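Written below as C-alpha cells is the structure these notes are about.
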Amino acid sequence: MTCDFSLDHYAELLDAARAGGYRFAHFDGPPEEGDVLLRHDVDLSLDAALRLAELEASAGATATYFLMTESVFYNLASTEGREAIERLRGLGHRVGLHAVHPRLELDERFDAVVAWHNPDPEYMRAPVEGAVNVMQDGYFDPATYRSDSNQHWRSGCPHEALREGAFPWLQLLTHPEIWVYPGRTMGETMRAMLDAERERRLGQLADDRIDLA
Ligand SMILES: [Zn+2]
Ligand SMILES: [Zn+2]
C-alpha cells in the first residue's frame with residue numbers, strides 16, 4: 001500500500017477504520033471509544049469537497065464538512081455554494097462553519113460546530129458561545145488527532161494504526177483538495193487544482209453568456 005494523497009488511498013483509510021472496528025461519528029457530543037470523526041476543512045474548493053463526499057457516501061461513511069463564508073476561493077452564497085451544501089446534506093454529511101477569527105456567524109446553513117481557519121494558539125482551543133469548537137477539551141487530544149496539513153502527516157499516515165484499532169478514538173482532519181488533485185507535493189497539487197479550476201471557470205464564463213470565440 002502506498003501512502004499517497006489520492007482518492008484511492010483515502011478509500012483505503014476508510015477501509016482501515018472499518019477493519020479496526022471504528023464507527024464514523026460527528027461533533028455532536030464528545031467522542032467515545034471507537035469513534036472516528038472525519039473532519040474536512042474546505043479551504044479552497046467545493047468541487048473537491050463534493051468529490052470526497054461522494055466517495056465517502058459510497059463507502060458508507062459520513063463526515064463533517066467545515067465550509068467558509070468568507071473564502072476568497074469560493075462563494076458559499078452562490079448557486080454553486082447553495083447546491084454544494086444541499087448535496088453534502090443529501091449524502092448524509094454534516095456541515096459546520098470554517099470561521100475566520102474573531103467572526104463567528106453561525107446561521108441556519110450550519111450545525112452548531114466550528115473549526116477556526118489558520119487559528120492562533122491563543123484562541124485555538126477556547127470554547128465558543130453556542131457551538132462546539134472542534135479543538136476544545138473533550139474533542140481534541142494530540143494523541144487522537146491526525147492532520148494532512150500541507151500534504152504532510154506530522155505523525156505518519158494513520159492507516160496502519162486504524163487497521164489495528166490502536167487509537168481509542170480519532171479526529172482525522174483532511175483537506176479535500178489534497179486528495180482529489182494529483183501531485184507529490186503541495187505545490188504540485190495546487191498547480192493541478194488551478195489547471196482544473198481554469199477549465200471550470202471557462203465553463204462558468206460560457207454559462208454566463210461570455211463570448212469565448
Ligand atoms: Zn497510509
Ligand atoms: Zn482552513
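Predicted model only: the values in this text are computed from it and were never measured. In each ligand, atom 1 is the first atom listed, and ligand 1 is the first ligand listed.
- Within 6.0 Å of atom CZ in R154, 12 or fewer heavy atoms from other residues, nucleotides or ligands are found, so the atom counts as exposed in its surroundings.
- Centred on the Zn ion (ligand 1), the SG atom of C157 and the NE2 atom of H9 lie at an angle of 100°, reported to 10°.
- Residue H175: no N/O/S atom is found under 2.8 Å from the Zn ion (ligand 2).
- Residues R89 and D111 have side chains in contact (heavy-atom distance under 4.5 Å, counting atoms from C-beta outward).
- A salt bridge does not link E54 to R51: none of the charged nitrogens lies less than 4.0 Å from a carboxylate oxygen.
- Ion pairing between a basic and an acidic side chain is recognised when a charged N comes within 4.0 Å of a carboxylate O; R87 and E83 show no such pairing.
- Restricting H159 to its N/O/S atoms, the shortest distance to the Zn ion (ligand 1) is reached by ND1.
- Computed with the Zn ion (ligand 2) at the centre, the D43 OD1 to H98 NE2 angle is 90°, stated to 10 degrees.
- Of all the N, O or S atoms in H117, the one closest to the Zn ion (ligand 2) is ND1.
- Of the options H26, E56, R94, a side-chain hydrogen bond (donor to acceptor under 3.5 Å, both in side chains) to T62 is made by H26 and by none of the others.
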